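Remarks on the structure that follows.
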Amino acid sequence: MTQEYPLITVTVATYRSLPFLEKCLQSIKAQTYSNIEIIVVDALKYDPEEQKKCKEIIEKYTTYVQDGPERSIQRNRGIKDAKGEYVLVLDQDMYLTPKVV
């Protein structure tokens, strides 16, 4: 008998996140629980070169959603788009230890 594990969505609200973003996303990918969907909601309304670098990082780990002028709208968008049975909401400068999810 196989046990099914529910999908868990981790949504990350970001803005000007270049110094933190990759470490945050790596910490999500490093979870011991593997049935995880990652949604990054980035305002992408800042320096064009920084935007491009952030978008490239995001696309290495997941698809991204461009939305919202501020955090609460970004969080709500990530939750709205989540397919998981459970949702974990993070900010760009939060890092997870391997067994958080």
Side-chain angles (χ1 to χ4, degrees):
M1 177 169 89
T2 8
Q3 183 177 7
E4 288 191 36
Y5 295 99
L7 178 65
I8 298 187
T9 300
V10 179
T11 180
V12 184
T14 65
Y15 175 74
R16 300 199 73 153
S17 60
L18 194 55
F20 315 103
L21 183 58
E22 188 142 32
K23 185 174 178 184
C24 175
L25 295 175
Q26 285 173 343
S27 78
I28 297 167
K29 284 290 193 179
Q31 293 300 295
T32 56
Y33 188 91
S34 62
N35 197 14
I36 296 174
E37 166 191 47
I38 301 172
I39 298 175
V40 177
V41 184
D42 192 316
L44 288 179
K45 294 180 174 106
Y46 41 92
D47 173 68
E49 188 57 34
E50 188 176 347
Q51 287 178 22
K52 182 180 177 213
K53 289 177 183 175
C54 287
K55 186 176 176 184
E56 288 170 359
I57 291 169
I58 293 166
E59 289 175 342
K60 281 173 36 180
Y61 296 90
T62 187
T63 56
Y64 79 97
V65 178
Q66 179 180 348
D67 200 310
E70 49 86 26
R71 294 256 186 244
S72 63
I73 291 172
Q74 292 172 326
R75 288 178 178 145
N76 289 338
R77 175 66 188 269
I79 293 167
K80 178 180 162 248
D81 291 352
K83 293 178 183 79
E85 188 172 334
Y86 303 99
V87 178
L88 173 61
V89 178
L90 299 179
D91 289 331
Q92 65 199 18
D93 59 350
M94 299 171 88
Y95 314 121
L96 305 177
T97 56
K99 294 184 179 185
V100 171
V101 177

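Numbering starts at 1 and runs along the sequence shown. Reckoned from all heavy atoms, side chains included, excluding hydrogens, waters and symmetry mates. From a predicted model like this one, the values you see are computed outputs, not experimental measurements.
Listed by first and then second residue, the side-chain hydrogen bond (donor to acceptor under 3.5 Å, both in side chains) pairs involving residues 87-97 are R75-D91 (not counting sequence neighbours).
Criterion: ILVMFWY side-chain heavy atoms under 4.5 Å apart, direct or through other members. Under it, Y33 and Y61 are part of a common hydrophobic cluster. F20 and Y15 sit in two unconnected hydrophobic clusters of ILVMFWY residues. Membership requires side-chain heavy atoms under 4.5 Å apart, directly or through other members. Transitive grouping of hydrophobic side chains (ILVMFWY, heavy atoms separated by less than 4.5 Å) brings V10 and Y86 into a common cluster.
Atom CD1 of I39 sits about 5.0 Å away from atom OG1 of T9, to the nearest 0.5 Å. With rounding to the nearest 0.5 angstrom, the CD atom of E22 is 10.5 Å from the SG atom of C54. Between the CD atom in Q51 and the CD atom in E49 there is a gap of 10.0 Å [rounded to 0.5 Å]. Separating the CD1 atom in I28 from the CD1 atom in I38 is a distance of 4.5 Å, to the nearest 0.5 Å. Taking CD of E56 as the start and CG of L18 as the end, the distance is 10.0 Å to the nearest 0.5 Å.
By the side chain to side chain donor-acceptor pair (under 3.5 Å) test, S72 pairs with E70, sequence neighbours left out.
Remark: side-chain polar atoms of E37 are not paired, donor with acceptor, to backbone N or O of A82 under 3.5 angstrom. Side-chain atoms of Q31 come within 3.5 Å of backbone atoms of V101 as a donor-acceptor pair (strictly under, hydrogens ignored).
Of all the heavy atoms in Y5 and N35, the pair that sits closest is O-ND2, 2.7 Å. The heavy-atom pair separating T32 from K99 by the smallest distance is OG1-CG, 3.7 Å. Nearest heavy atom pair, residue C24 against residue V12, reads SG-CG1, 4.1 Å.
Residues L88 and L96 form a side-chain contact, since some pair of their non-hydrogen atoms from C-beta on lies under 4.5 Å apart.
Grouped with I79 in one hydrophobic cluster are V87, V89, the linkage being side-chain heavy-atom contacts under 4.5 Å among Ile, Leu, Val, Met, Phe, Trp and Tyr residues.
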